[in-house]
*Asks:* 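Quick one: structure below, then a few questions.
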There are 4 protein chains.
Amino acid sequence: MRMIGAICVVALLSGAIPAMAQDHEGSKPRARALGVLFDGTPGALNAITDVAGVTVGHTTLISGEGKLQVGNGPVRTGVTAILPRGKDSMSNPVFAGWFSQNGNGEMTGTTWVEKSGFLEGPVMITNTHSVGVVRDAVIQWRVARQEPDPTGYWWSLPVVAETWDGWLNDINGFHVKPEHVFHAIDSAAAGPVPEGSVGGGTGMICNEFKGGIGTASRKVAEKPGAYSVGVLVQCNYGLRPNLRIAGVPVGVEIPEYPAYGGKFSQDERGSIIVVVATDAPLVAHQLQRLARRVSLGLGRMGSLSGNGSGDIFIAFSTANSGAASSQGLTQITMLPNDRMDPVLAGTVQATEEAIVNAMVAAETMTGADDHKVIALPHDKLRAVLRKYNRLAQ
Amino acid sequence: MRMIGAICVVALLSGAIPAMAQDHEGSKPRARALGVLFDGTPGALNAITDVAGVTVGHTTLISGEGKLQVGNGPVRTGVTAILPRGKDSMSNPVFAGWFSQNGNGEMTGTTWVEKSGFLEGPVMITNTHSVGVVRDAVIQWRVARQEPDPTGYWWSLPVVAETWDGWLNDINGFHVKPEHVFHAIDSAAAGPVPEGSVGGGTGMICNEFKGGIGTASRKVAEKPGAYSVGVLVQCNYGLRPNLRIAGVPVGVEIPEYPAYGGKFSQDERGSIIVVVATDAPLVAHQLQRLARRVSLGLGRMGSLSGNGSGDIFIAFSTANSGAASSQGLTQITMLPNDRMDPVLAGTVQATEEAIVNAMVAAETMTGADDHKVIALPHDKLRAVLRKYNRLAQ
Amino acid sequence: MRMIGAICVVALLSGAIPAMAQDHEGSKPRARALGVLFDGTPGALNAITDVAGVTVGHTTLISGEGKLQVGNGPVRTGVTAILPRGKDSMSNPVFAGWFSQNGNGEMTGTTWVEKSGFLEGPVMITNTHSVGVVRDAVIQWRVARQEPDPTGYWWSLPVVAETWDGWLNDINGFHVKPEHVFHAIDSAAAGPVPEGSVGGGTGMICNEFKGGIGTASRKVAEKPGAYSVGVLVQCNYGLRPNLRIAGVPVGVEIPEYPAYGGKFSQDERGSIIVVVATDAPLVAHQLQRLARRVSLGLGRMGSLSGNGSGDIFIAFSTANSGAASSQGLTQITMLPNDRMDPVLAGTVQATEEAIVNAMVAAETMTGADDHKVIALPHDKLRAVLRKYNRLAQ
Amino acid sequence: MRMIGAICVVALLSGAIPAMAQDHEGSKPRARALGVLFDGTPGALNAITDVAGVTVGHTTLISGEGKLQVGNGPVRTGVTAILPRGKDSMSNPVFAGWFSQNGNGEMTGTTWVEKSGFLEGPVMITNTHSVGVVRDAVIQWRVARQEPDPTGYWWSLPVVAETWDGWLNDINGFHVKPEHVFHAIDSAAAGPVPEGSVGGGTGMICNEFKGGIGTASRKVAEKPGAYSVGVLVQCNYGLRPNLRIAGVPVGVEIPEYPAYGGKFSQDERGSIIVVVATDAPLVAHQLQRLARRVSLGLGRMGSLSGNGSGDIFIAFSTANSGAASSQGLTQITMLPNDRMDPVLAGTVQATEEAIVNAMVAAETMTGADDHKVIALPHDKLRAVLRKYNRLAQ
């Protein structure tokens, strides 16, 4: 069970991922630029990083070709880190809540998120069989940086989620290693977020097109202030015929080359992990509610949340810095329930757009056993939208 | 706080409601007949009553006009009863599960549904301020029929849900009385289900069009057998601009005459109660999962599940008659999780269609303080669907 | 289905209940005075009313004797109202959370408590078959006092819980009426709380002794301030052999005259509703956690939380007055999670004592069909505690 | 971060653990033999393995002494595996449910246990910072044994729980390795279960005495059949003054040598993981209820379930072999809710006894930084029980 050196080289070269991101920004249109219509007003980056303080890092592992040899590859996987407060995420927890629409998946750390009301540290996303190594590596990362309580009375319950990339990736080869986790955390940055086949999303499949990481955001006009809500998805769910984009039956109109080669029954094989960030001052129980709005965004896309799908969502607020302090009483600011509607709406809208962005960004990939998964063809997408009078401009 | 006699007369005359139903069937098209496109194959009635054994009864209370006088009307309200096993519903509970997408509402009896895994007796739906009278009246109905355990050691925890009709109805006049509850239960029948402004849905508003009761069903082809899933909604949710029908932005295209007269802020004021029935042999924990699929159907319609919305769903299976017996061990049949996908899909699809059916069936209504809520105009709906190339035929 | 006038007279005469309370205070010892040992330090009243602002009111309905005639009695029931902020409870909600240890019971309004994080209005407790009338009457009470939003855009989702008193009371006679609800709310007061067979607890049975209402409190020393936690129970649960008091197997030692006359199988027939109040500044998700500590107090008493038991708990904090305002942002104070332990401990301890107080206060009662339920005999209790070296002094 | 070879030798020598077990059985009394009184009738082994099919394996890692050097030790940790159906546990899932009394801990895999209703594979317990390695190693174990679906379309979501042993163990040295996981699974056996400082419980502390693994069982007489319920705990919770044994205030009576040396504030630092097994035919939603009864057993012990405690429980039933098959419809047998009381009672009783067994079995241990944690002194325990007239015989 060795790793092919080249993977690490590719992944850990500091230039690799920014280059990919640049490439993405430079030449590749996102869904909105292709003419897909969405509700609401996006932030400057139309990304989760529009919520100030949030940083995102990816480690992308791609190596090998041809027949699957467990332990040798091909490798099409990775890790994504979302840090709510960037470098301060470890010591300054954020209010958070989570929701499992359909639990055929894993998100560790949620029992304490639910009871404590806080998320401490990053949210990590990887493949299904690498959740463990990523979880422990987050602790190792902290231990190595001497962040734990010097008394030694300290423990950590990292949040790590996953989707399954076993169609393209040697998932049982366990190719994600602690250093890939460190890299994702250490390289997390503000600014544009690389999308598509990157990080944890590298080997993912969405509505039988190539899937992966996608993101979007909304400006939320609310009287007490102007807030943002940002969404990042690792999307791996769905069957082609159910896919709707902007309400249009895109999946029915583009039936060609469905993934999985008809090998399995027509059951949902995928999953989707969604991370919602906002700077609106929502507290724990409100963020539990926010996380539930992701289901409505999925509904717009035509998702059925099949039995095999792990549709698990987490939401956090970057407001109330210092709220988790245990010194004396904590003063916190709360957006009244009666004023939550714009944030709820922004979450639904940004979820919808982030999923489309993931499919639009991802490129056709060939992986294990020469399985090929095509990208959503941009020209056909535009043609279908035009047919239904839903192409912008 | 008296009731205008005519109301009771209208409601309790045995011919009244069947006539209304007949009228509905005879002359009024349902959504599908208008050319709205939906996924999946409906059952014979395209109603929750396609699930054998399920019966539905309505008591509709309409009387008075003009200025609201609390206690005197105008009255625009009612009660709907859904009996999972018809007359046997009291003595032969069904496996059930529930879900609260957004809990700004009431569904009594759910703590025991959740823990016991069973629903005993009917599901009742009424207005927000009449939940109590309906709840106790269900018990009275049983007591009067001598159904309780003759030892006297017996109690009942009825399931009663609600949405708010205070824009059209004198909701604080408490016009629903025990006899209206008895009538809804006693008159529950198989066959076509009256839709629109009937029963508990009488005074409801949906996406700022007239709302109310709607229903739909799906045939679920599944290898171990052929099952049905049926959905009944009491829909009262939503803001006009968010309304999508068949993926088309109908609400934006038909902005005229929004309800509530711009009196309130643009916050969600409504709610939706959804009852899902199936004859697929699902057990309690599977029905909890089924109930969560309603959110995906709501998502298709553009719902944001606003803070003010009570979006509460219950699902039951009519299979496994006798499963709640306390004599010895119970033999039950279970559909494997791996075979649930068609039932999950049917629930999403039937939810979507039932909501549109409710709006299509409801007619323009004027109620308290001469508030007028228009029906979804059939001709405009067709025109909009045609504009987006989504009109059938 | 008439009510015997004398009941109302007894119940509604303003002097009646205070007299009973005085009697209780004046001559009857509480558990602690009998020598039962408990952990922690009680507040001045050792009652839920030690939490400043909390008021409690009872309507007690006792009339008739002899054979049960449904609708005629005998009547042994009532209603209890707990108002978190006294008269301000309607307009100034409190942060709240709830928990269902075993859901064979009802607590209405909980879906919105859970999602909103707030409790608006009183917590009412009554018998199982009167939940509906009490619920709607709370709304009527508000309507009659013109408290609703003058725009008419207003609804209420009252919290009403219950336990079953059908062994002593004509529960299917539906003797609780709206005026009894109004009386309980209107008469709610600070100060000592009448315990035993009063209010909703009138006809209750606990560990096969006479049960009912009990209360206790703890002073919670916590560095950021000195807080109180108060508990009120309506206890109706348990089988005699399982009863432990102060860890001593009291139920086994006093096997005489178990309730229910051996008529039923040895299954749990009862329930317990527990209301936890604190002035510690806990927010919604923390109060959900607090509510779960009630189970640990029940565990100390030997409870098994049988299948037939409706063990449902609600916790609220009177801190953060005005937190539910929808004007602008809300500034709230939060006790850090790390400082919750004393409040958690106080809840467990006060739950234990409140249950014993209920049994100690209740007197032997004969009700429907001459069913007689004995009070926990004080002298024997002391003797048993002495036998196990657990009698104070 | 190397491992000291001797640890592995000790742990993996096949004779090591049986020897320890034998030693335990041979010479060391369990709680009941010491004269502690418990309710109910234990099974033949008074262990979780009284439930036919259940096997338990431990890997115990003990090496090094003196000052903590992160990565070098001292090591006082391990892994415990509970296999519901022994070797068939991977391919033949059991109905299961879980509950988090207080979530300051981790149990992976629970989102799918909750939604699917099944537990597939073992329940593993280890220290807080080794959950990840154990989780992935369970998958590796399956991959190595070629158990996955040969189509390659397969994933696994192992259930792994933890408590914190950082007072005695070099927890940040990450000494648990995949081979220790394989050993625990491979060595799992029926028969007596080693208790105390073994497996995942090696470095644990309970009520400030030495804690660890404990187990107990109850015969459950129930008309449809005779069932067993077995409990296994990894106990690490509690402060000394709160400890009650058989209702007696043992913690107050034996205040000597509390753990943690007064270094930290008097907050709960520990946790408890509880696994409940039964052969009673309970289905998923019933097992969720069963898991909640563990809290009542904890209550009997005086637990307050402090903020820092991860009190997480899982319950499964070995009945209904084959119920998770996805071939056609599944025929399952269900114990009626009305007949659950004996199983609920057995769970409370066995939880109480398993915790005491853990403390009785564990011996005084010195670990990292020469921290010493004393065993519960048997003679003093007996003396205290005698003082309160609660010593058997």
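In what follows, every chain begins at residue 1, and chains take the letters A, B, ... in the order their sequences are listed. All values below were derived from every heavy atom in this structure, side-chain atoms included, with hydrogens, water molecules and symmetry-related copies excluded.
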*Asks:* Between Gln349(A), Gln286(A), Gln101(A), which residue shows the highest count of heavy-atom pairs closer than 4.5 Å to chain B?
*Replies:*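 Option with the top pair count is Gln101(A).
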
*Asks:* Report yes or no: does Asp341(A) contribute a side-chain atom to a donor-acceptor pair with the main-chain N or O of Asn307(B) at less than 3.5 Å?
*Replies:* yes

*Asks:* Is any side-chain heavy atom of Arg292(B) less than 4.5 Å from a side-chain heavy atom of Asp311(A)?
*Replies:*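 Arg292(B) does not reach Asp311(A) side chain to side chain.
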
*Asks:* What heavy-atom pair brings Ser305(B) and Leu296(A) nearest, and what distance separates the two atoms?
*Replies:* CB-CD1, 3.4 Å

*Asks:* Between Asn104(A) and chain B, with a heavy-atom cut-off of 4.5 Å, which part of the residue counts as in contact: side chain, backbone, both or neither?
*Replies:*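 Interface part for Asn104(A): neither.
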
*Asks:* Might you point out which heavy atoms bring Lys387(B) and Asn389(A) nearest each other, and give the distance in Å?
*Replies:* O-ND2, 3.2 Å

*Asks:* If every non-hydrogen atom of Arg390(A) is compared with every non-hydrogen atom of Pro249(B), which pair is closest and at what distance?
*Replies:* NH1-CG, 3.4 Å

*Asks:* Just by distance, do the side chain of Arg289(B) and the backbone of Asn102(A) share a donor-acceptor pair under 3.5 Å?
*Replies:*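 Judged by distance alone, no pair lies under 3.5 Å.
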
*Asks:* Can you tell which part of Arg300(B) gets under 4.5 Å to a heavy atom of chain A, answering side chain, backbone, both or neither?
*Replies:*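 Arg300(B) touches chain A through backbone and side-chain heavy atoms alike.
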
*Asks:* Heavy atoms only, distances under 4.5 angstrom: which of Gly247(B), Gly297(B), Ala345(B) has the most pairs with chain A? Name it, please.
*Replies:* Gly247(B)

